[in-house]
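Below is one structure, written out as structure tokens, with a few remarks after it.
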Number of protein chains: 2
Amino acid sequence: MVTIKDIAKLANVSHTTVSRALNNSPLIKEPTKRKILEIAAQLNYTPNFNAKSLVMQKSHTIGLFFTSISDGTSASFLAETIKGVNHVIGQEYNLYVRGIDDYKEYSSINNQRFDGIILMSQSVSDNPFIYHVKQMKIPLVVLNREIEDDKIINIISDDKVGSRQAVEYLLQQGHTNIALIEGREGFKSAQQRKEGYLTALIEENVSINKAYSVEGNYDMESGYNKMEQLLSLEKPPTAVFCSNDDMAIGAINAIFASGLNVPNDISVVGFDDIGFAQYTNPRLTTVKRPVEQISFMGAEKILSLIQTKNVSGETILVNTELIFRDSVRKIK
Amino acid sequence: MVTIKDIAKLANVSHTTVSRALNNSPLIKEPTKRKILEIAAQLNYTPNFNAKSLVMQKSHTIGLFFTSISDGTSASFLAETIKGVNHVIGQEYNLYVRGIDDYKEYSSINNQRFDGIILMSQSVSDNPFIYHVKQMKIPLVVLNREIEDDKIINIISDDKVGSRQAVEYLLQQGHTNIALIEGREGFKSAQQRKEGYLTALIEENVSINKAYSVEGNYDMESGYNKMEQLLSLEKPPTAVFCSNDDMAIGAINAIFASGLNVPNDISVVGFDDIGFAQYTNPRLTTVKRPVEQISFMGAEKILSLIQTKNVSGETILVNTELIFRDSVRKIK
DNA sequence: ATCAATAATGTTCACGTTAACATTTCTAGA
DNA sequence: TCTAGAAATGTTAACGTGAACATTATTGAT
């Protein structure tokens with residue numbers, strides 16, 4: 001492997017001069033700089049990031065963490081997030097992707113290894129991780145879940161408002177028997193979406209039927225099973241608000257399997273607006289959550305947090321948007 | 001940050017002794033070792049991986065590369081792959097995820113930065129990358145696309161056989177006017193699946209209609225558009241084999257949008273068996289490709305390749321499997 | 001031409017770790 | 001008790017880079 005010392009010898013200068021030239025220091029004369037750059041290119045020199053990191057106390061690594069990679073994180077969610085982050089961080093930084101549940105203890109998560117951490121947080125169970133990262137003084141951005149800590153940069157979509165709008169829309173279409181398939185237990189998003197659902201019902205003075213709230217876990221199968229459960233009720237709902245699109249898809253399947261039709265017999269609304277939502281049958285009415293935008297902003301924030309340490313904590317709300325498609329029918 | 005020298009001072013030994021103790025060297029007496037380990041735990045010591053990497057000429061990093069993260073790689077494919085790899089590599093290694101198309105030149109991809117590279121290869125356009133990695137002598141495993149180089153470990157599913165079986169099945173069901181929606185141009189998988197399609201037709205002496213082969217690009221939208229094109233033909237096909245599930249879903253939508261039915265009017269078969277395939281309407285008959293298994297095996301291979309350098313190149317074929325669901329109808 | 005100021009480059013050290021080699025301490029056999 | 005040899009630990013250097021400080025070269029005003 002060629003080092004700056006090799007270049008130094010060939011250029012007849014000291015290795016420090018080479019270092020400065022490569023880092024485009026104004027201290028080095030133009031001709032010298034050119035010569036060094038040329039030799040470096042010729043030798044196919046690439047800097048040793050470990051040495052660089054060691055001396056500069058940086059790791060050139062950004063960690064992207066999820067609550068879990070394999071459990072409760074849908075494929076599209078994972079993919080969108082990675083895309084969003086990747087789009088922002090250049091070659092200067094490497095991206096490290098992991099689930100928190102891969103770790104038994106966090107000692108290996110320190111500021112030697114991570115210049116900054118982006119946490120796509122889904123559950124309160126992430127709090128010990130957040131605490132650790134804070135204690136380690138690693139720049140941190142938390143996405144997707146509201147954190148009660150005004151020193152942390154927090155980028156979230158307002159899921160409560162989003163789901164409230166969705167349920168209000170169902171009410172406007174004449175539905176009053178509206179069920180809710182909840183998200184994974186313990187996930188903040190699940191709780192928020194439920195709150196939005198309840199708020200909408202309360203504001204419109206619609207009585208709340210406890211049997212209409214069932215607990216899913218964000219995957220398609222649970223959507224299917226919980227919908228079956230709702231259908232077996234003495235008085236099944238005429239509309240179902242699902243806490244994410246995956247479960248909505250499962251629910252639609254269950255409805256069709258029981259011989260009923262969407263939206264003629266039962267209306268369905270999802271949450272997320274994943275890519276498939278416009279290709280379901282019928283096309284799924286859902287609340288669009290801008291995951292890629294959130295990740296994008298998170299990545300930008302973490303970079304500025306790393307570069308200039310004086311970015312203060314803030315909570316950024318990104319709007320959701322109700323997308324009208326074909327899975328809801330007006331009744332009465 | 002606490003270093004081994006801090007521990008050394010407290011333990012009243014040299015830093016080398018600490019280093020050895022932490023690495024569980026047999027040279028150190030048990031009591032000494034215990035004392036050092038205890039102090040280390042107390043101080044919450046974590047090794048500096050940069051220093052370690054620098055002196056040991058290792059990076060503790062495995063690169064997971066895709067042809068492109070954002071283009072032609074479906075969400076589920078990306079997610080499954082990451083899950084598969086993550087499942088194998090422990091905390092010893094960092095996982096970096098990137099698209100090759102993020103790089104303009106490959107100088108930063110060298111054996112200082114990567115102990116090994118897993119390439120989920122989708123296109124011949126990856127070849128310069130493969131060449132570079134080989135030249136850099138970085139241990140390499142190529143997944144998903146066949147490489148004509150018997151020194152490289154290559155794990156692939158036999159897409160040709162898989163798609164041939166799918167088309168044979170359509171033939172058995174009485175279809176003869178079978179269309180093909182091809183995958184992204186330049187992608188080896190697209191080519192292989194087309195070959196399987198053609199082989200099945202040729203073997204059964206079914207004449208090949210050129211208008212029945214249309215070129216998609218693996219996303220749902222292209223499936224929709226290309227299906228529309230097929231439907232506008234004078235004599236539309238009675239069955240469509242789609243080179244992946246995403247396009248099959250698009251195609252199904254286009255068929256319904258035109259007022260026709262799946263499978264009553266037109267049968268559809270996909271490829272991949274993504275999670276959604278059993279929740280489409282009708283449930284999608286498709287060829288299951290074990291992406292997670294391939295990634296899993298790839299990760300295991302790269303680890304043994306890193307640890308013991310004497311693993312020889314080989315090509316591992318993983319079987320596909322035709323999954324029978326409801327999107328195909330027997331005719332005549 | 002001289003000198004001071006400044007520009008350009010060089011020397012040496014530091015980062016935290018492992019490894020080669022050096023030294024000290026212990027053990028066992030006489 | 002002495003001593004050879006092994007066991008345990010210490011000293012020093014090295015990895016490749018950047019930074020503080022030191023030195024030399026250049027410039028410009030007199």
Side-chain angles (χ1 to χ4, degrees), chain A residues 1-37 39-40 43-61 92 94 107-108 110-115 136 307, chain B residues 1-40 43-61 92 94 107-108 110-115 136:
Chain A
M1 267 292 133
V2 30
T3 73
I4 53 171
K5 289 187 180 173
D6 300 324
I7 299 174
K9 258 181 216 146
L10 285 174
N12 237 325
V13 294
S14 75
H15 78 272
T16 313
T17 301
V18 174
S19 171
R20 286 197 267 249
L22 291 172
N23 289 309
N24 201 20
S25 153
L27 287 172
I28 306 296
K29 263 203 292 199
E30 264 312 320
T32 319
K33 210 180 270 186
R34 259 203 306 281
K35 188 169 77 178
I36 290 173
L37 254 42
I39 296 176
L43 295 185
N44 237 317
Y45 167 80
T46 57
N48 183 319
F49 270 69
N50 289 318
K52 229 170 162 146
S53 299
L54 179 59
V55 68
M56 297 185 80
Q57 320 257 50
K58 283 196 70 179
S59 66
H60 297 274
T61 297
E92 270 304 283
N94 277 105
S107 62
S108 66
N110 54 48
N111 42 20
Q112 291 155 358
R113 286 182 93 168
F114 295 102
D115 285 353
M136 284 292 183
Q307 274 145 28
Chain B
M1 267 294 131
V2 30
T3 73
I4 53 171
K5 288 187 180 172
D6 300 323
I7 300 174
K9 259 181 216 146
L10 286 174
N12 237 324
V13 295
S14 76
H15 72 275
T16 310
T17 302
V18 175
S19 171
R20 286 197 267 248
L22 291 172
N23 289 309
N24 201 18
S25 154
L27 287 172
I28 306 296
K29 263 204 291 200
E30 264 312 319
T32 319
K33 209 180 270 187
R34 259 203 307 281
K35 187 170 77 177
I36 290 173
L37 253 44
E38 201 174 301
I39 296 176
L43 295 185
N44 237 317
Y45 166 80
T46 56
N48 183 319
F49 271 69
N50 290 317
K52 228 169 161 148
S53 298
L54 179 59
V55 68
M56 297 184 79
Q57 321 257 49
K58 282 196 72 182
S59 66
H60 296 274
T61 297
E92 270 303 283
N94 281 2
S107 62
S108 66
N110 55 48
N111 42 18
Q112 290 157 357
R113 287 183 93 168
F114 295 102
D115 284 354
M136 284 292 182

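Chain naming here is simple, since letters A, B, ... match the order of the sequence lines and numbering starts at 1 in each.
B:Asp6 contributes no side-chain N or O that, together with a main-chain N or O of B:Lys9, makes up a donor-acceptor pair within less than 3.5 Å. Judged by distance alone, the side chain of B:Lys33 and the main-chain N or O of B:Ser25 form a donor-acceptor pair under 3.5 Å. Between the A:Asp115 side chain and the A:Lys58 main chain, no donor and acceptor come within less than 3.5 Å of each other. Judged by distance alone, with hydrogens and angles left aside, the side-chain atoms of B:Asn110 form a donor-acceptor pair with the main-chain N or O of B:Gln112 at under 3.5 Å.
Dashed line: the shortest gap from a side-chain N or O of B:Lys52 to OP1 or OP2 of C:dG16 is not under 4.0 Å. Between A:Asn50 and D:dG16 there is no side-chain polar atom (N or O) within less than 4.0 angstrom of OP1 or OP2.
A donor and an acceptor atom, one from each side chain of B:Thr16 and B:Ser19, are nowhere located under 3.5 Å apart. Under the 3.5 Å distance criterion, with hydrogens and angles disregarded, no donor-acceptor pair is assigned to the side chains of A:Lys52 and B:Asn50.
Taking atom CD of B:Gln57 as the reference point, atom P of C:dT18 lies 14 Å away to the nearest angstrom. Here C:dA8 presents its P atom at 13 Å from CZ of A:Arg34, a figure rounded to the nearest Å. Atom NE2 in B:His60 sits about 17 Å away from atom P in C:dG16, given to the nearest Å. Distance, B:Ile4 CD1 to C:dA19 C1': 12 Å, rounded to whole Å. Rounded to an integer number of Å, the gap from OH of A:Tyr45 to C1' of D:dG16 is 8 Å. To the nearest angstrom, P of D:dC15 lies 18 Å from CG of B:Asn48. One atom, CG of B:Leu54, and another, C1' of C:dC15, lie 9 Å apart when rounded to the nearest Å. Atom NZ of A:Lys9 and atom C1' of C:dT9 are 19 Å apart (whole Å).
Computed from C1' positions of five pairs at each end, the angle between the two local axes of the helix from C:dA1-D:dT30 to C:dA30-D:dT1 equals 50°, rounded to 10 degrees.
Within the 4.5 Å cutoff, the side chain of B:Thr3 has no heavy atoms near those of the B:Asn48 side chain. Between B:Ile4 and B:Tyr45 there is a side-chain heavy-atom pair separated by less than 4.5 Å.
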Open item on the list: Counting primed atoms plus P, OP1 and OP2 as sugar-phosphate and everything else as base, spell out the protein contacts along nucleotides 5-14 of chain D at 4.0 Å heavy-atom distance: B, S or - for each nucleotide, 5' to 3'.
Closed with: ---SBBBBB-
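Closest heavy-atom contact between A:Ala51 and B:Leu54: CB-CD1, 3.8 Å.
Base contact: B:Ser19 has a heavy atom under 4.0 Å from a base atom.
The side chain of A:Asn23 lies closest to D:dG18, out of C:dT17, D:dG18, D:dG16.
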